[in-house]
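Working notes, structure below.
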Amino acid sequence: MSNEWPLWEVFIRGQHGLNHRHVGSLHAPDAEMAVNNARDVYTRRNEGVSIWVVKSSDITASAPSEKGPLFDPSNSKVYRHPTFFEIPDEVGHM
Amino acid sequence: MYAQMVKTDAARVRSLDEMDPVERAFQERVDAGQKIEPKEWMPEGYRKTLVRQISQHAHSEIVGQLPEGNWITRAPTLERKAILLAKVQDEAGHGLYLYCAAETLGVSRDEMYEQLHSGKAKYSSIFNYPTLTWADIGAIGWLVDGAAIMNQVPLQRCSYGPYSRAMIRICKEESFHQRQGYDALMRMVKGTPAQKAMVQDALNRWWWPSLMMFGPSDDASVHSAQSMAWRIKQNSNDELRQKFVDQTVPQAKYLGLTVPDPDLKWNEEKGGYDFGEPDWEEFFNVIAGNGPCNAERLNARKKAWDDGAWFRDGLTAHANKMADRRTASKIAAE
């Protein structure tokens, strides 16, 4: 059989309270084996408290070439940042 | 260096003026220290060179398990055995990080295995030497992993994002490898004269092959120049070799060992050691497949892959059966 195992993306929660973070990918025949393999490949030194795996083919990504049209609309909205507004010192911490 | 003499397809390095606008924009991003990510445009030569280098690097990690695996069952204590097992397991992990990085460039895992098993793809020359005594295991950690670190630390800054990130993970783990090797040798040189002699013998046999890991001088190589322009390579082979010698000679002295190079001499003016030239004929011979263990290593890899086929197929069959059952029970519930 020359069927290559599907590729899985691995996400690890490093500590309680933090987000899961993408750490890499691996091949496995199914989700359960992907979690087992992820433990051996990506958490040999206590790197995590929780593992997510998701088939790479199930991920939809934005195209790098559309970076401009996708993110430009937020660039002009500087008032979204609190530093846009000047608050007098007398007002105190805000 | 785990990747040696990687070709780039370049006849010469072209200047920005000679590039079309798309390639120029790419080169300017690389020059600015930006990372290139998998789906972004890249020159075909850049992609191919990375596939060659990363897969060669991955193959080296995987084949590199074999000389050390040779001593797992014969480690002198249970603790040393557990340490060596963990170290060899790390090498498997490093191979996997790197295969994944290469796969982002459009080459499949099976294709890369095929290239290794057919002899089309290379792995580092160093793993074609035998591990004759326990001291060899210490020497590999100290010298071979030491040389690998020299090469891998700058590779963390490589322009290709997935390779750079794999190198960052690997470098975090690599220091353990070098230290466990040196630690084993520190213990041995304090042992009987026969044990100390065994360490000296290991150094005698591993010194020159370790220097060869960096590859021949590449100051005149167009491939190295192109790789440097693409920031796939950061330092010349001679630079890294010099750094390795300067770092390692004092460590050998601490162990009370003699480096097997009559030309080795401190050069006050350059602030580094002068040293002799490795036997490049031997190097090219090993690269060509005629080293002491080339056939053995490749056969062991092929055997592991072939003997594991029924197990891989079994896991796939099980995964398919479970998927079918889930579909069936879903339909039944509807």
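Computed from heavy atoms alone, side chains included, the values below leave out hydrogens, waters and symmetry copies. To find a chain, count down the sequence lines: A is the first, B the second, and so on, and within it residues start at 1. Only a predicted model underlies this, so the values are computations on that prediction, with no experimental measurement involved.
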Exercise for the section: Search all heavy atoms of B:Ala319 against all heavy atoms of A:Pro29 and return the closest pair with its distance. Expected result: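 Shortest heavy-atom separation between B:Ala319 and A:Pro29 comes out as CB-O, 3.4 Å.
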Exceeds 12 heavy-atom contacts within 6.0 angstrom, atom [atom1] of [X]:
X        : atom1 : result
A:Arg21  : CZ    : no
B:Asp20  : CG    : yes
B:Glu44  : CD    : yes
A:Asn19  : CG    : no
B:Arg179 : CZ    : no
B:Lys330 : NZ    : no
B:Lys172 : NZ    : no

Exercise for the section: Tell me, for A:Glu9 versus chain B, whether the close heavy atoms (under 4.5 Å) come from the side chain, the backbone, both or neither. Expected result: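 Neither part, no heavy atoms under 4.5 Å.
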Handout entry: Contact class of A:Ala63 relative to chain B, heavy atoms under 4.5 angstrom
Key = neither
Practice task
Calculate, to the nearest 0.5 Å, the distance between atoms CG and CZ belonging to B:Asp90 and A:Arg45 respectively.
Solution key: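 It comes to 4.0 Å.
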Problem - B:Tyr97 (side chain) donor-acceptor with A:Tyr42 (main chain) under 3.5 angstrom - result: no
For [X], is it the side chain, the backbone, both or neither that has a heavy atom under 4.5 Å from a heavy atom of chain A?
X        : value
B:Arg312 : both
B:Leu96  : side chain
B:Glu37  : neither
B:Tyr113 : neither

Among [options], single out the residue with the greatest number of heavy-atom pairs under 4.5 Å to chain A.
options                              : answer
B:Lys39, B:Met322, B:Glu173, B:Glu40 : B:Glu173
B:Ser108, B:Ala86, B:Ala309          : B:Ser108
B:His94, B:His318, B:Glu103          : B:Glu103

Exercise for the section: Would you mind checking if A:Asp30 and B:Lys321 are paired as a salt bridge, meaning a charged N to carboxylate O distance below 4.0 Å? Expected result: no
Practice task
Identify whether the distance between the nearest side-chain nitrogen and carboxylate oxygen of B:Arg109 and A:Glu4 falls below 4.0 Å.
Solution key: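 Salt bridge between B:Arg109 and A:Glu4, a charged N being under 4.0 Å from a carboxylate O: no.
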